Every structure is written in C-alpha cells, then in structure tokens.
Amino acid sequence: MTTHQSKEESVGFVIAPGRVMPNQSGTGCDDAKMAFSPASRRVWILLTLFFVTGAFGMRLLWQRDDSGPIFHRPSRWIWAIIVTLYTFVLIAGVVLLVRYTSEQVLSPRA
C-alpha cells in the first residue's frame, strides 16, 4: 500500500443522508411496499390525536402528502372540534380528580 492514494480509493462509497442503497438494509423491501395507504394514515393520525397528543397534535390533521391532503376540509374541521372537546373533557376530569383528592387529603378525619 502506498502512502499516496487517490481520493476515490480512500473514500469508498458515500450514502446520502436518509437513503439506503438497494439490498443494504437487509429487509428486501422497497419504499412502495412500505408506504401506508391513506386510510391507514388517517387511522394512525386519529389514534395519535386521541391517545398521545390531544389538541397539541392538531397540525397532523392539516398535513399533506404527495397526493394531497390526508383529511379533506369538512372532516378536518369535524375532527378538530371533536379532538378539542375531548381534550377539554380530559383536562376537566384531571381538575376534578385533583380537587377531590386534595379535599380527601386536607379534610379532618373523624
């Protein structure tokens, strides 16, 4: 091995960030097979809104993919109202639980 090597010999191959060369991932799947259908994306977005983020994830309703919006305009507004009300109900439930618990702890025992 010589001390003077060309740049091509020392670099090898470079993969762009976020890209995997074919058959290097070991899965043998291409992106088309792994893509979610719009209906399953809707389900996952709604599950995320109701069980993880609440109203803080409202931006998920308005996101778009390559083929257009995932949710259409009327359903966006309907789901936005439902998720907002659901979040308020959860917050009210937590407030009531904290009040009840503090009354139980702070009340004198007979």
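Bear in mind that the values here come from a model prediction, so they are computed numbers and not experimental data.
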Expected list for residues 73-98: side-chain donor-acceptor pairs under 3.5 angstrom, two or more places apart:
{"from": "S75", "atom 1": "OG", "to": "H72", "atom 2": "N", "distance (Å)": "3.3"}
{"from": "S75", "atom 1": "OG", "to": "H72", "atom 2": "O", "distance (Å)": "2.9"}
{"from": "R76", "atom 1": "NE", "to": "F71", "atom 2": "O", "distance (Å)": "2.9"}
{"from": "R76", "atom 1": "NH2", "to": "F71", "atom 2": "O", "distance (Å)": "3.4"}
{"from": "T84", "atom 1": "OG1", "to": "A80", "atom 2": "O", "distance (Å)": "2.7"}
{"from": "Y86", "atom 1": "OH", "to": "F50", "atom 2": "O", "distance (Å)": "3.1"}
{"from": "T87", "atom 1": "OG1", "to": "A55", "atom 2": "N", "distance (Å)": "3.0"}
{"from": "T87", "atom 1": "OG1", "to": "V83", "atom 2": "O", "distance (Å)": "2.8"}

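Taken together through direct or relayed side-chain contacts under 4.5 Å among Ile, Leu, Val, Met, Phe, Trp and Tyr, L49 and F56 form parts of separate hydrophobic clusters.
Note that CZ of R42 and CD1 of I70 are 8.0 Å apart. Values are rounded to the nearest 0.5 Å.
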